[in-house]
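FYI, the numbering just counts along the sequence from 1. We use all heavy atoms of the structure for the numbers below, so side chains are in, but hydrogens, waters and symmetry mates are not.
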Amino acid sequence: MALIVSLPIGTPPQSQQMVLDTGSQLSWIQCHRKSPRPPPPPPASSFDPSLSSSFSTLPCSHPICKPRIPDFTLPTTCDQNRLCHYSYFYADGTLAEGNLVREKITFPNSRTTPPLILGCAAEPGEAEGILGMNLGRLSFISQAKVPRFSYCVPIRQRRGNKVINPTGTFYLGQNPHSRTFRYINLLTFPKSQRSPNFDPLAYTVGLTGIKIGGAKLNISQAVFRPDAGGSGQTMIDSGTQYTFLVDAAYAKVREEVVRRVGRRMKKGYAYGGALDMCFDGGAAAIEIGRSIGDMVFEFEKRVEILINKDRILDHVGGGIHCVAIGRSEALGVASNIIGNFHQKNHWVEFDLTNRRVGFGVADCSRSM
């Protein structure tokens, strides 16, 4: 479950639902004119450009629409209307495409940004857009000059057979709880380590180890650092659901899980082709999680993210529960990605001024 934020976009503002994604640069929204049209109908929360006086499109002649902008790798083309068209495949195979446009966004304090470059998706699809929050110059935070932001992703709750998705919290600017956070520095690397697998726009951090049930796994710290080709980078990504590890780290995690509960593991099964530490049984999942034990991601400066044993497994449907960690190669990447499942019930703050990330334990289902 990703964190969905609501932002007022346009003049006058139209509220748009967007997935907060620290792993993406381009922000985009669903755009439809509210005129009668054959099915499928547009999402109810889609943006109507015709109702906004500040909306404008980017022509093909705009510099962004030229290929090979240094840190903007989104494929762009010129469409039949001579407008700048983008198309992008995410790691999970989903496609985002539409026109690049300019539009204003209103902050909670009623301050309005200058027109920012966004994507305007014109085909019915997911109801939510994407709020791109990485370090690229066209991300929302770069264009809007936001010095820090933070979020708190809540845990999905069950009441009987019903799943409840509580609302999380999102701050632009100073977080009133930041005095309780523990910080780690964002890592930077020379350009020689930025290809072909290194993502220079990601929030790269120093993961140092993983513990399961109190036992530190025998994983070299080098596995969590980019090598000469960029493989091994560790990033914080709110837009990826689960955590993914490179083979050398994943093999050690799986080895320990098999040692503890291997006889109960579902053989020959991989949820989404990526999570293969899975188990049958609803009530039994609690017992299995407790047999695995708490999991801890250890970072520099002795900062930790602890995942309680009761939350080690995620219900993926059909009574099947999986350890929420997969192989990075299943996504076609060579990085370690800390997904939002393992960020839940934590404040995660990105302090861009001081180039650091802060963590603080919290109950993210509460209003804060």
Side-chain angles (χ1 to χ4, degrees), residues 1-2 19 21 23-24 89-95 126 153 155-156 158 163 165 197 199 202 207 210-213 215 217-219 223-224 231-297 305 307-344:
M1 181 183 77
V19 175
D21 188 358
S24 292
F89 277 101
Y90 290 92
D92 63 2
T94 56
L95 172 67
E126 295 295 327
V153 182
I155 293 173
R156 186 171 53 192
R158 287 187 169 273
V163 175
N165 290 322
N197 298 311
D199 180 357
L207 183 65
I210 300 173
K211 290 194 293 191
I212 295 180
L217 304 185
N218 184 22
I219 306 173
V223 168
F224 303 122
S231 299
Q233 176 182 16
T234 298
M235 61 186 73
I236 305 290
D237 185 358
S238 66
T240 297
Q241 181 177 9
Y242 298 118
T243 289
F244 293 87
L245 301 174
V246 296
D247 280 354
Y250 181 83
K252 292 296 184 180
V253 171
R254 194 176 196 282
E255 181 182 292
E256 184 65 15
V257 172
V258 167
R259 187 182 72 80
R260 291 170 180 261
V261 291
R263 59 185 178 81
R264 307 184 67 169
M265 197 175 287
K266 195 172 174 65
K267 302 296 189 291
Y269 175 84
Y271 174 70
L275 308 187
D276 66 356
M277 295 181 282
C278 300
F279 308 85
D280 284 316
I286 297 175
E287 178 194 338
I288 293 169
R290 290 174 178 171
S291 297
I292 295 173
D294 296 342
M295 183 178 293
V296 177
F297 292 96
I305 293 179
I307 299 91
N308 186 276
K309 53 183 172 290
D310 294 329
R311 210 166 60 77
I312 286 291
L313 304 180
D314 190 35
H315 181 236
V316 298
I320 299 172
H321 293 73
C322 300
V323 175
I325 297 177
R327 293 181 190 273
S328 296
E329 67 176 23
L331 297 183
V333 298
S335 305
N336 301 292
I337 302 171
I338 309 297
N340 66 59
F341 183 89
H342 292 116
Q343 300 175 43
K344 291 180 179 179

_If the condition is side chain to side chain donor-acceptor pair (under 3.5 Å), which residues does Asp294 pass it with, not counting sequence neighbours?_
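Side chain to side chain donor-acceptor pair (under 3.5 Å) check on Asp294 returns nothing, list empty.
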Do any side-chain atoms of residues 264-273 form donor-acceptor pairs under 3.5 angstrom with protein atoms, and if so which ones, sequence neighbours left out?
residue: Arg264; atom: NH1; partner: Glu287; partner atom: OE2; Å: 2.9
residue: Lys266; atom: NZ; partner: Asp280; partner atom: OD1; Å: 3.2
residue: Lys266; atom: NZ; partner: Asp280; partner atom: OD2; Å: 3.2
residue: Lys267; atom: NZ; partner: Gly262; partner atom: O; Å: 3.4
residue: Lys267; atom: NZ; partner: Met265; partner atom: O; Å: 3.2

From [atom1] ([X]) to [atom2] ([Y]), nearest 0.5 Å:
| X | Y | atom1 | atom2 | value |
| --- | --- | --- | --- | --- |
| Ile307 | Thr243 | CD1 | OG1 | 7.0 Å |
| Glu329 | Leu245 | CD | CG | 12.0 Å |
| Tyr242 | Asp237 | OH | CG | 14.5 Å |
| Ile320 | His315 | CD1 | NE2 | 8.0 Å |

*Set of residues satisfying salt bridge (Lys or Arg N to Asp or Glu O under 4.0 Å) with respect to Arg327, sequence neighbours excluded*: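 Listed in chain order: Asp247.
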Taking [X] for its side chain and [Y] for its backbone only, find out whether a donor-acceptor pair lies under 3.5 Å.
| X | Y | answer |
| --- | --- | --- |
| Ser328 | Ser335 | yes |
| Asp314 | Cys322 | no |
| Gln343 | Val153 | no |

*Candidate pair Val261 and Phe279, rule side-chain contact (heavy atoms from CB on, under 4.5 Å), full reasoning*: CA-CA 10 Å; Val261 291; Phe279 308 85; 3.6 Å; yes
*Going by an N to O cut-off under 4.0 Å, is there a salt bridge joining Glu255 and Arg259?*
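The answer is no: the pair does not qualify as a salt bridge.
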